[in-house]
A.B. asks: 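Sharing a structure, written as structure tokens. Questions coming.
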Amino acid sequence: MARVLCFNHGCFEDEICIDFTRKEIEMAEKKEERYEESDLYRIRHSAAHVMAQAVLEMFPEGKYTIGPPIEDGFYYDFELPRSLTPDDLEVIEKRMRQIIAGDHAFEKQTLPADEARRIFKDQPYKLELIEGLEQGGYDEYGQPLAEKPEISIYTHDKFVDLCRGPHVESTRKINPAAIKLMSVAGAYWRGDEHKPMLQRIYGTAWKSAEELEQYLWRLEEAKRRDHRRLGRELDLFSVSEEVGPGLILWHPKGAMIRVLVESFSQRAHLENGYEWVFSPHIGRAHLWETSGHLDFYQENMYSPMDIEGEAYYAKPMNCPFHIQIYKSHTRSYRDLPKRYAEYGTVYRYERSGVLHGLTRVRGFTQDDAHIFCRPDQVEEEISRALDFSLYILRSVGLKDFKAYLATIPEKYVGDPADWDKATQALKRAIEAHNIPYVVDQGGGAFYGPKIDLKVNDALAREWQLSTIQFDFNLSERFNLEFIGEDGQPHRPYMVHRALLGSMERFFGVLIEHFAGAFPVWLSPVQAVVIPIADRHLAYSREVAGKLKGAGLRVEVDDRNERMNAKIRDAQTQKIPYMLVVGDKEIELGAVALRLRSGENPGAMSLQDFLERAQQDIDKGD
RNA sequence: GCCGACGUAGCUCAAUCGGCAGAGCGACCGCCUUGUAAGUGGUAGGUUAUGGGUUCGAUUCCCAUCGUCGGCUCCA
């Protein structure tokens with residue numbers, strides 16, 4: 001039987017395979033053209049207008065707000081007299097197709113604010129937008145526009161919308177077979193939770209029905225890879241209602257992977273000049289007062305517990321503890337840099353609605369470290385940290401990155417000159433490492449600028465893992481010092497960094513990236529020996545024993561099942577090697593190898609198999 | 001937190017109008033002794049998330065609580 005295979009991504013016949021690599025290249029090529037100027041952008045923007053028309057026909061008293069194109073589609077926000085149902089979406093979608101078939105031209109008209117106000121006199125949200133436009137308007141990054149924008153409206157059929165454009169020439173240019181309304185959701189007006197909750201309809205629109213199909217298929221693939229689903233199916237982790245939401249239970253197989261990653265990283269840290277430390281999970285209120293967390297971070301911290309009349313808080317960060325270690329001695333300039341690393345488990349309050357599997361949780365373990373160094377060392381330290389981060393991420397199979405350089409926010413502590421110096425150091429480090437990056441203007445923490453590294457997974461989705469942050473705050477607050485060459489006390493620089501970020505989120509990304517088919521070195525079970533009949537059991541155990549002796553994680557499937565069933569289960573569990581053992585293998589002293597890709601290299605000696613496995617492990621596959 | 005949808009066996013899902021809570025897979029116990037993706041027979045498994053209400057009777061209707069899912073940055 002023909003079998004569709006993907007050796008890179010561990011996809012199997014029943015999952016169909018997508019050539020992700022090719023897709024990524026295509027996407028990169030497309031980025032040459034700015035989305036805002038593309039045909040797709042116009043199509044989606046126009047589809048949003050058509051949808052708004054359909055919705056307002058249904059609810060003439062409804063208020064419409066904004067409806068921009070987004071990645072893969074568009075949305076439009078409305079205030080409506082009742083909640084929309086999935087059935088409504090079908091009706092709206094049908095009406096949209098009728099409007100499209102009407103071949104209505106999109107016509108632009110610029111006009112003075114007062115005239116616009118007359119047109120939208122019953123539309124309070126539009127009036128608010130006109131107000132904003134009059135005061136100068138904002139670009140898509142929320143920055144004030146240099147020039148005062150003109151006010152324009154677009155009309156098609158009987159529908160008028162305040163809109164900058166651009167649009168397609170006519171509704172006919174929207175392919176009715178390539179649009180689909182996806183979901184309805186709540187969204188605050190202007191994203192502000194103090195403002196009214198609107199109803200947002202999400203839609204998707206493409207040039208062709210094939211592209212729509214492909215997009216829908218991509219969503220299906222994402223579902224198949226969902227770490228919450230794979231976490232259960234592969235018995236990696238769970239969340240128990242009894243324990244509490246956002247709190248992760250690592251099952252033996254998930255924990256095995258974590259132990260492997262942590263051990264690898266632990267060794268790498270030692271080789272890179274870090275020292276390991278441990279610190280407790282709670283600390284006295286006074287510590288968090290000194291650190292400023294009770295002032296700046298309290299809404300993310302849990303209520304204190306009372307210990308003999310003294311308030312203690314679960315730690316949301318590890319820094320104050322590492323600082324205490326630093327402060328336990330007088331430090332000389334010769335001692336620096338000090339690099340303290342810890343797998344530090346922290347607890348942060350996340351609002352119930354934002355929790356998500358492993359990627360947004362309430363308790364998690366960071367691969368955290370704090371670097372205390374002299375000002376003249378900081379640039380080198382940043383560069384080393386970035387280098388190390390890339391090394392660790394690549395080692396675990398994540399190879400596609402984008403950096404975000406977050407700069408000084410409105411509220412900040414410290415000297416702007418220091419900020420500038422630090423920001424430049426971060427920028428030079430990114431550029432030296434040749435990673436694509438964007439500047440997140442004003443996105444820094446109040447205590448310092450930072451580099452966030454985001455990873456693109458196999459479906460080209462972006463995840464934030466690493467962060468490298470300057471801290472101008474804590475060294476001041478805790479009055480950190482080192483004695484310089486001049487015999488005088490000086491203030492060290494402090495850098496906070498996490499590479500995999502949190503073990504939980506990292507694991508979630510890893511699961512989805514590999515769709516559960518982890519590289520051999522990380523697979524909790526690397527090989528399963530499959531005896532064909534009972535009489536092959538003893539030999540199977542002997543084989544397993546030898547492989548275990550060679551350091552492989554091996555199981556024998558000694559269930560009273562047919563070989564086919566055992567193979568199927570091993571495939572489902574995405575075990576890298578299946579070693580089938582029957583009369584022939586016993587006679588030859590061999591094993592018959594089958595790979596999870598479906599490849600069937602056949603009988604080979606144990607020695608040959610071990611060499612092959614070792615090669616795969618060394619390659620990191 | 002807010003808006004919406006949802007919560008039935010370990011998993012995926014049924015159960016008409018309010019009238020005895022079911023199936024497949026998995027688990028367990030047998031039989032078969034197997035050659036590259038599911039052999040076969042049987043058994044167990046449920047306070048229908050929790051608490052309350054309406055009713056002769058509630059998985060079904062109502063209320064509350066807990067939890068899950070999608071969304072709440074991307075400005076006409």
Side-chain angles (χ1 to χ4, degrees), chain A residues 1 3 12-14 35-36 45 48-49 52 64-71 75-77 83-86 116 120 123 125-126 128-130 132-133 137-142 145 149-154 160-165 182-202 226 228-229 232-233 235 238-242 244-246 299 349-357 443 530-537 560-572 578-585 592-596 598-600 602-603:
Chain A
M1 196 198 308
R3 189 176 293 277
F12 307 111
E13 182 184 43
D14 57 343
Y35 180 45
E36 289 79 0
H45 201 167
H49 278 218
Y64 57 138
T65 68
I66 56 167
I70 50 172
E71 189 180 6
Y75 68 80
Y76 213 115
D77 285 351
S83 296
L84 292 167
T85 66
F120 297 107
Q123 292 293 339
Y125 298 99
K126 295 295 178 188
E128 194 178 324
L129 292 170
I130 293 166
L133 287 169
Y138 297 90
D139 70 9
E140 37 271 89
Y141 307 104
L145 291 172
E150 58 178 18
I151 294 176
S152 61
I153 57 170
Y154 271 83
V160 186
D161 200 357
L162 181 71
C163 181
R164 180 177 56 195
M182 304 300 290
S183 61
V184 56
Y188 299 107
W189 169 233
R190 306 214 127 175
D192 182 341
E193 65 185 359
H194 304 296
K195 296 200 164 138
M197 175 69 73
L198 305 168
Q199 293 193 65
R200 173 172 296 179
I201 306 178
Y202 281 97
D226 192 314
R228 293 166 299 184
R229 172 197 176 118
R232 186 177 56 238
E233 287 174 359
D235 199 12
S238 65
V239 182
S240 157
E241 209 176 303
E242 287 286 295
E299 70 230 38
Y349 170 68
E350 297 282 359
R351 299 204 282 185
S352 56
V354 306
L355 299 174
H356 183 92
I530 299 177
I532 290 173
D534 289 349
R535 63 178 180 280
H536 310 125
L537 255 175
N560 188 9
E561 287 288 351
R562 280 178 152 59
M563 178 202 67
N564 276 329
K566 294 179 184 179
I567 286 176
R568 180 172 191 278
D569 290 343
Q571 287 281 163
T572 312
M578 284 151 265
L579 304 172
V580 177
V581 162
D583 294 336
K584 277 186 272 179
E585 285 70 27
L593 175 63
R594 177 192 162 109
L595 306 177
R596 61 185 160 183
E599 259 186 299
N600 204 344

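This is a predicted model, so every value here is computed, not measured. Numbers restart at 1 for each chain; the letters A, B, ... are given by sequence-line order, proteins then strands.
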A.B. asks: Counting runs of three or more consecutive pairs, Watson-Crick or G-U wobble, with each distance below 3.5 Å, where are the stems of RNA chain B?
C.D. replies: B:1-7 with B:66-72, B:10-13 with B:22-25, B:27-31 with B:39-43, B:49-53 with B:61-65

A.B. asks: Identify the heavy atoms of A/Asp161 and A/Phe120 that sit nearest to each other, and give their distance.
C.D. replies: C-CZ, 3.7 Å

A.B. asks: Between B/G71, B/C11, B/U36, which nucleotide gets closest to the side-chain atoms of A/Met197?
C.D. replies: B/G71

A.B. asks: By the definition side-chain hydrogen bond (donor to acceptor under 3.5 Å, both in side chains), identify the one residue from A/Arg594, A/Lys566, A/Arg596 that meets it with A/Gln571.
C.D. replies: A/Arg594

A.B. asks: Taking salt bridge (charged side-chain N to carboxylate O under 4.0 Å, His left out) as the test, write out the residues that go with A/Glu233, two or more places apart.
C.D. replies: A/Arg229

A.B. asks: Expressed in whole Å, how much space separates the C1' atoms belonging to B/A27 and B/G10?
C.D. replies: 8 Å

A.B. asks: Please give, in whole Å, the distance from B/G10 P to A/Glu242 CD?
C.D. replies: 14 Å

A.B. asks: With a non-hydrogen cut-off below 4.0 angstrom, is A/Glu585 in contact with a base, only sugar-phosphate, or nothing?
C.D. replies: base

A.B. asks: Check side-chain contact (heavy atoms from CB on, under 4.5 Å) between A/Asp235 and all other residues, then give those that pass, not counting sequence neighbours.
C.D. replies: A/His251

A.B. asks: In whole Å, measure the gap between the P atoms of B/C11 and B/A49 for me.
C.D. replies: 13 Å

A.B. asks: Considering non-hydrogen atoms only, spot the tightest contact between A/Leu355 and A/Pro245 and give its length.
C.D. replies: CD1-CB, 3.8 Å

A.B. asks: Quick one: list whatever passes side chain to side chain donor-acceptor pair (under 3.5 Å) with A/Thr85, sequence neighbours left out.
C.D. replies: A/Asp88

A.B. asks: Which part of the nucleic acid, if any, lies within contact of A/Asp583, taking any heavy atom under 4.0 Å across all strands shown: a base, the sugar-phosphate backbone alone, or nothing?
C.D. replies: base

A.B. asks: Give one of base, sugar-phosphate or nothing for A/Tyr202, where a contact means two heavy atoms less than 4.0 Å apart.
C.D. replies: sugar-phosphate

A.B. asks: When the distance from NZ of A/Lys195 to P of B/G71 is rounded to whole Å, what number comes out?
C.D. replies: 23 Å

A.B. asks: Grab the CG-P distance between A/Asp77 and B/G70 for me, whole Å please.
C.D. replies: 19 Å

A.B. asks: Under 4.0 Å from OP1 or OP2 of B/G1: is there any side-chain N or O of A/Ser352 that close?
C.D. replies: yes

A.B. asks: Considering all heavy atoms of both residues, which atom of A/Tyr64 and which atom of A/Tyr125 are nearest to each other, and what is their separation?
C.D. replies: O-CB, 3.8 Å

A.B. asks: Measuring only the C1' atom in each nucleotide, how far is B/U8 from B/A23? A whole number of Å is fine.
C.D. replies: 13 Å

A.B. asks: Considering all heavy atoms of both residues, which atom of A/Ala48 and which atom of A/Tyr76 are nearest to each other, and what is their separation?
C.D. replies: O-CD1, 3.4 Å

A.B. asks: Hey, which sits more toward the 5' end of RNA chain B by its nearest nucleotide, A/Ile151 or A/Val239?
C.D. replies: A/Val239

A.B. asks: Name the residue closer to the 5' end of RNA chain B, choosing between A/His356 and A/Val580 according to the nucleotide with the nearest heavy atom.
C.D. replies: A/Val580

A.B. asks: Using whole Å, report how far CZ of A/Arg351 lies from P of B/C2.
C.D. replies: 9 Å

A.B. asks: What's the closest nucleotide to the A/Arg594 side chain, out of B/C72, B/A37, B/U34?
C.D. replies: B/A37

A.B. asks: Using a heavy-atom cut-off of under 4.0 Å over every strand shown, decide if A/Ala592 touches base, sugar-phosphate, or nothing.
C.D. replies: base

A.B. asks: For A/Leu537, check side-chain contact (heavy atoms from CB on, under 4.5 Å) against everything at least two apart and list the hits.
C.D. replies: A/Pro531, A/Arg541, A/Val556, A/Asp558

A.B. asks: Can you tell me how far P in B/G51 sits from the matching atom in B/G4, rounded to whole Å?
C.D. replies: 26 Å

A.B. asks: Heavy-atom distance under 4.5 Å between the side chains of A/Ile530 and A/Leu579, does that happen here?
C.D. replies: no

A.B. asks: Using only modelled atom types and a 3.5 angstrom limit, is any donor from either the side chain of A/Tyr75 or the base of B/G71 paired with an acceptor on the other?
C.D. replies: no

A.B. asks: NA contact type, A/Ile66, heavy-atom cut-off 4.0 Å: base, sugar-phosphate, or nothing?
C.D. replies: sugar-phosphate

A.B. asks: Output all residues satisfying salt bridge (charged side-chain N to carboxylate O under 4.0 Å, His left out) with A/Arg228, sequence neighbours left out; order by chain, then residue number.
C.D. replies: A/Asp226

A.B. asks: Of the non-hydrogen atoms in A/Val239 and A/Gly246, which two are nearest, and what is the gap between them?
C.D. replies: CG1-N, 4.1 Å

A.B. asks: For the pair made of CG in A/Asp534 and P in B/G39, what is the distance, rounded to whole Å?
C.D. replies: 15 Å

A.B. asks: Are any of the side-chain heavy atoms of A/Leu593 and A/Glu599 separated by less than 4.5 Å?
C.D. replies: no

A.B. asks: In whole Å, measure the gap between the P atoms of B/C29 and B/G45 for me.
C.D. replies: 16 Å

A.B. asks: Write down the distance between CZ (A/Arg229) and P (B/G70), rounded to a whole number of angstrom.
C.D. replies: 13 Å

A.B. asks: Could you go over nucleotides 4-8 of chain B and give all protein N or O partners under 3.5 Å, atom names and distances?
C.D. replies:
none

A.B. asks: Do the side chain of A/Ser238 and the main chain of A/Ser240 share a donor and acceptor less than 3.5 angstrom apart?
C.D. replies: no

A.B. asks: Please list, chain by chain and in numerical order, all residues satisfying side-chain contact (heavy atoms from CB on, under 4.5 Å) with A/Ala533, sequence neighbours excluded.
C.D. replies: A/Arg535, A/His536

A.B. asks: When we call it a touch if two heavy atoms are under 4.0 Å apart, what does A/Asn564 touch: a base, just sugar-phosphate, or nothing?
C.D. replies: sugar-phosphate

A.B. asks: From the list B/G70, B/A38, B/G39, which nucleotide is the closest neighbour of the side chain of A/Arg562?
C.D. replies: B/G39

A.B. asks: Whole-Å distance between B/U34 C1' and A/Ile567 CD1?
C.D. replies: 11 Å

A.B. asks: A/Arg351: what forms a side-chain contact (heavy atoms from CB on, under 4.5 Å) with it, not counting sequence neighbours?
C.D. replies: A/Glu193, A/Tyr349

A.B. asks: Can you see if the side chain of A/Arg535 gets near the phosphate of B/U34 - specifically, an N or O under 4.0 Å from OP1 or OP2?
C.D. replies: yes

A.B. asks: Side-chain donor-acceptor contacts of residues 185-192 of chain A below 3.5 Å, not counting sequence neighbours, with atom names and distances?
C.D. replies:
residue, atom, partner, partner atom, Å
A/Trp189, NE1, A/Glu128, OE1, 3.2
A/Trp189, NE1, A/Glu128, OE2, 3.2
A/Asp192, OD1, A/His194, N, 2.8

A.B. asks: Any N/O pairs under 3.5 Å between the protein and nucleotides 44-48 of chain B? List them or say none.
C.D. replies:
none

A.B. asks: Could you measure between the two P atoms, the one in B/G57 and the one in B/G19, and give it in whole Å?
C.D. replies: 14 Å

A.B. asks: If I take atom CZ in residue A/Arg228 and atom P in nucleotide B/G67, what distance separates them, rounded to the nearest angstrom?
C.D. replies: 17 Å

A.B. asks: Distances for protein N/O vs nucleotides 25-31 of chain B N/O pairs under 3.5 angstrom?
C.D. replies:
residue, atom, partner, partner atom, Å
B/C31, N4, A/Asn560, ND2, 3.0

A.B. asks: Please give the distance between the C1' atoms of B/U59 and B/G7 as a whole number of Å.
C.D. replies: 11 Å

A.B. asks: Name the nucleic acid region contacted by A/Gly353, choosing base, sugar-phosphate or nothing; use a 4.0 angstrom heavy-atom cut-off, strictly under.
C.D. replies: base

A.B. asks: Could you work out the separation of B/A58 and B/G71 based on their C1' atoms and round it to a whole Å?
C.D. replies: 33 Å

A.B. asks: With a 4.0 Å cut-off on heavy atoms, is A/Lys584 in touch with a base, just the backbone sugar-phosphate, or nothing at all?
C.D. replies: base

